[in-house]
Amino acid sequence: MLPFAPGVVHSFILLVISSAVMIVLLYASRKGRVPKIRKLAAIDAIDEAIGRATEMGRPLHFTPGIGDFYGYDAPMTIAGISVLGHVARRVAQYNTPLIVTFAAPEIEPVITDVVKQAYLAAGRPERFNPDSIRFISTRQFAYTAGVVGILHREKVAANLMIGYFAGESIIIAEAGFLAGAIQIGATANTYQIPFFVVACDHVLVSEELYAAGAYLSKDPVQLAAITGQDWVRLIAAAFLVAGCVLATFGISWIADFFKM
Amino acid sequence: MATEKDWTHKLATIDPRVIFLLLLISVAAPLLMPFGLPVGISPPTTSTFKFIEGLPSGSLVVSAFDMSAAVAPECYPQVAAFTTHLKNKNLKIIEVAFDSAGPMFADQALRDVFGASKDHPLYGKNFINLGYIAGGEAAMKTFAGNPKVIQKDFYGKDVKDLEIMQPLSSARDFKLLIVISGSQVDNFVRQFGDPHGVPIVGAVTAVLVTRVMPYYPAKVVGYLNGLRGAAEYEQLVKRPGIALAGMDAQSAAHLLVIIFIIVGNVGYIVRKTRRPS
Amino acid sequence: MKLKVPLAITIILVLLQVTDYYLKVPVINTVAANFTVAILVMSAIAVGIGIISLTRIHVRRIVKKRPHSLESAIMLITLAIFILVGAVLGSGDPSYIYMFQNIIVPLDSAMFSLAGFFMASAAYRAFRVRSREAMILLVAAVIVMLGQAPIGEAFWSGFPILSQWILDVPNTGGVRALIMGIAIGMLSLTIRMLMGHEKGYLGTGA
Amino acid sequence: MIGLDARLVGILLSGGLTLMAYSFLYRENRVSRIAEHIYLGAATGYGVVLSAKYVYDNAAVPLAKGNTFWAIPLLSSLLLYFYFSKKHFWLYRLPTAAIIGVGTGIVVAADFRTRLTEQIKATLLPLFVANDPYNTVNNLIIVFGVLGALIFFYFSKELKGPTRTLADFGKYILMVTFGASFGQTFMARISLIIGRVQSLYIWPASILLPLAAVLVGVAIAWDRRKQRTPRVSAGK
């Protein structure tokens, strides 16, 4: 028996099962099994937004938020950067001006790298403008002030906020609206989602953020990971249904498992 | 037919700047002329108060300042109210910050409640301001595992010489963790509550309350809900302050926005019902 | 090499931290704890990158006489003052605290408080009874607002109770589902990373 | 030390900066831009000083005292600066990969438990509570709300029939959640405005108020003269 920390066994077992399910699906798709995913309107709207900025000949602003690479915000930042790769390739093709802003200096090299590679992949390395990658400030609301200023001064046509956002979400989103931009908001920081819902044209709600990069890549292996999300969702739902039904009759097997 | 100049159109498309101006007035006026609506005390505030009341004198309480200056109008009145309570109950206070602005407010709380911070004779004995530890959740984990990882306090004194730190070996020695935050409590539950079993009280912004509630009352034993929670706590510790004064401004602002929502919908509905004719 | 080595580093450290969380093995726990502190130091050092590129952008703007170069100059001067004073006197010095309290604090709060104004204008515009979803959103928001402010109680003593019920029951259900979904999504992203499919974070553009 | 005069100057300074920032509410203008750039410089500079202090206190000092472990993060983080090199650009990936590995590892392990399994555990409620219709209804709403909202996000195909109904219920529960969260936040943000207004009521910041009012009036009159056509309403 492994030397478990107290009260984590149930979680460990479910983590192993969930990871195994996802890994099996990834392998299956490598062997040519193409997973089916329904249309996700909010993610498809990203291309619409790029198109709109291109038509208007005005810049597209992208921000992965105020997150960095450690802690709670790390996965959201990574998911945002994954979408940035796709966005940058498109704007490179269409020659749409791009502005990327962020608040954590340690993500700057990655962002520059992603955007540069995207221009290279689109066969347009000369179109890459180093001034488009803008570290604003490490401090949350100084960052916000900077972004709000940019949205107005540079007449941004499309504003993509995809990553980790906190109290600044409504400020950036409403300022973007007042500046007349088409807006897409995406964050897994649950209590900021309502602000994107009221102020943005399209919203990727919580876990859709994590699915976005994979969905846009159209790579079967990555899509398999989204299918994996569904499998784990069904496993969680099955535990819930079984546990609640048993609890109704006063049987606590499932509840006991979760106390392990 | 509704035309562009129609009153319904006007109601549905008010210039946002009109809203901004009226909102500013609705906040500013009651602060000068309060009308004194009563403020009831909610159960989470009461349970916070009772939990602190129940701690034996001399227990170690950690105040974790995970607050930025931006949330100070909401959180600082809470800090002042419960620090007063901790002082009255003669509990030992360890202040630590996980946000760079935190130590300043920790210092201000000591000065407001005890009259002095680092120069107070009880500094290092009954309370200490450990300053800021960078790194968010990873820093919390490190601190929870070994609070003595901090070498110097906010004022540059060597921490290991100070009396209050002597009995500490891990977060298990904390009898209560007060999380002052405008961002989240999940990380504190993960790093202090779950692994070390430290009871947590949330001194949080109103936004955060929805995120605290799933943990209440099991892991988070009580919480203060933004400025309102501070106003309630001010009444419990019998120290009326700025939080109570702000409640009338809140009422006026809430009323104003609800009126605007109604006005907008009247414009919208009238236009919509007219259109088919 | 340029991708495999960093990928390997990520995989090893993710597995190390996961093991550390679930298992009590003193060696692993100690190593993991050391790494958590080490990355804090590393990311603190990264702040220099930000300063270099910030300076680069603003200096370029001034040199090329682009619009708003006056503002850029103001930015660089304030930046220099805050770094120099902090470096010379130390961050705990009363003068530095004074600068913090009278410049950063008011701007922090002023900027954040714009959220109040913007919530009002967004609520006015978005809370229209366009659809069943929008109506539910609006009604829940208004009830909770009336439950929060003392004025709600003055109208009807039931508002705080109803608002609390919304927060305790349907809201708890919704928040739980959201955060469960997020945990699942996060796992999916991590698996993609560890299997070497999600490489955006290594700068390769997905 | 800081005397009375410095205190008054401070109040005036913070009041002035607040009003400059608020002028943005009328429209983006030179005054708000200056406030913005002062803010950017000050906040970022302050951040640098704190980070430097952190590195000095927690790595440089222990290293100088002979704890060689600290050489590892200090040296490896220097690789980050290869970001500025054209040739060895990619070396920045090594320390970044380490930060991401540790950062993601910490959160994914803990979150799977705190956010998934602990939440399942908390939702294992009886669907029928004898003689207690209130709690029975509440439990049903929570359980079906969680199930519905989970299923609402189902990616693999469009839902039909009973699962569609469940997902719709989940969607409505999510809407209630968003509305409630919005309603709750509003008070918090108003608190911030209260904080700012209170600071402006303090003398001598209060002398700025009539000044600001006059300036805004002039700006409005100026804008009216410049474009006699009606201004854009509601933004877009």
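Just the heavy atoms: all of them, side chains too, but no hydrogens, waters or symmetry mates, feed the values below. Since this is a predicted model, take the numbers as computed values, not measurements. Residue numbers start from 1 in every chain, and the chains themselves are labelled A, B, ... in the order their sequence lines are given, proteins ahead of strands.
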Region of [X] in contact with chain A, defined by heavy-atom distances below 4.5 Å:
X        : result
C:Ile45  : neither
C:Ser121 : both
C:Leu194 : neither
C:Leu79  : neither
C:Phe117 : neither

Counting only heavy atoms closer than 4.5 Å, note whether [X] contacts chain C via side chain, backbone, both or neither.
X        : answer
A:Pro194 : neither
A:Ala214 : both
A:Val148 : side chain
A:Phe195 : side chain
A:Arg134 : both

Could you measure the distance from the [atom1] atom of [X] to the [atom2] atom of [Y]? Nearest 0.5 Å is fine.
X        : Y        : atom1 : atom2 : result
C:Ile52  : A:Phe135 : CD1   : CZ    : 11.5 Å
C:Lys199 : A:Ile81  : NZ    : CD1   : 15.5 Å
A:Ile78  : C:Glu198 : CD1   : CD    : 8.0 Å
A:Tyr191 : C:Ile179 : OH    : CD1   : 12.5 Å

Counting heavy-atom pairs closer than 4.5 Å to chain C, which one of [options] comes out on top?
options                               : result
A:Val232, A:Val115, A:Asp219, A:Val9  : A:Val232
A:Leu84, A:Asp131, A:Thr112, A:Ile133 : A:Asp131
A:Ala145, A:Ala199, A:Ser169          : A:Ala145
A:Thr190, A:Val83, A:Asp68, A:Thr138  : A:Thr190
A:Gln140, A:Arg139, A:Arg153          : A:Arg139
A:Ala88, A:Pro6, A:Pro105             : A:Pro105

* Structure fact -> Within residues 66-77 of chain C, contacts to chain A at heavy-atom distances under 4.5 Å involve C:Arg66, C:His68

I'd like to know whether [atom1] of [X] has more than 12 heavy-atom contacts from other residues, nucleotides or ligands below 6.0 angstrom.
X        : atom1 : value
C:Phe35  : CZ    : no
A:Trp231 : CH2   : no
C:Met195 : CE    : yes

* What's the verdict on side-chain contact (heavy atoms from CB on, under 4.5 Å) for C:Ile182 and A:Leu209, showing C-alpha distance, side-chain angles and the deciding distance? -> CA-CA 9 Å; C:Ile182 289 165; A:Leu209 166 68; over 6 Å; no

Heavy-atom side-chain contact between [X] and [Y] under 4.5 Å:
X        : Y        : answer
C:Ile49  : A:Glu106 : no
C:Ser43  : A:Tyr70  : yes
C:Phe112 : A:Glu168 : no
C:Leu114 : A:Ile170 : no

Validation: residues 14-27 of chain A side-chain donor-acceptor distances under 3.5 Å, sequence neighbours left out:
{"from": "A:Ser18", "atom 1": "OG", "to": "A:Leu14", "atom 2": "O", "distance (Å)": "2.6"}
{"from": "A:Ser19", "atom 1": "OG", "to": "A:Leu15", "atom 2": "O", "distance (Å)": "2.7"}

Considering all heavy atoms of both residues, which atom of [X] and which atom of [Y] are nearest to each other, and what is their separation?
X        : Y        : answer
C:Ala122 : A:Glu174 : CB-OE1, 3.5 Å
A:Gln222 : C:His197 : NE2-O, 3.2 Å
C:Leu189 : A:Ala79  : CD2-N, 4.3 Å
C:Gly50  : A:Glu108 : CA-OE1, 4.4 Å
A:Gln229 : C:Gly185 : NE2-CA, 3.4 Å
A:Tyr210 : C:Arg192 : O-NH1, 3.1 Å

* Using a cut-off of under 4.5 Å for heavy-atom pairs, which of C:Met180, C:Arg61, C:Arg60, C:Met42 has the most such pairs with chain A? -> C:Arg60

* Determine the option with the most heavy-atom pairs under 4.5 angstrom with chain A, choosing from C:Leu187, C:Ile39, C:Val175, C:Ile57. => C:Leu187

* **side-chain contact (heavy atoms from CB on, under 4.5 Å) evaluation trace for A:Phe141 with C:Leu107** => CA-CA 8 Å; A:Phe141 289 102; C:Leu107 284 168; over 6 Å; no

* Using a distance-only test with no angle check, is there a side-chain donor-acceptor pair under 3.5 angstrom linking C:Tyr22 and A:Ser11? -> yes

* Asked: Are any side-chain N or O atoms of A:Glu207 and backbone N or O atoms of C:Ile184, one a donor and one an acceptor, separated by less than 3.5 Å?
  -> no

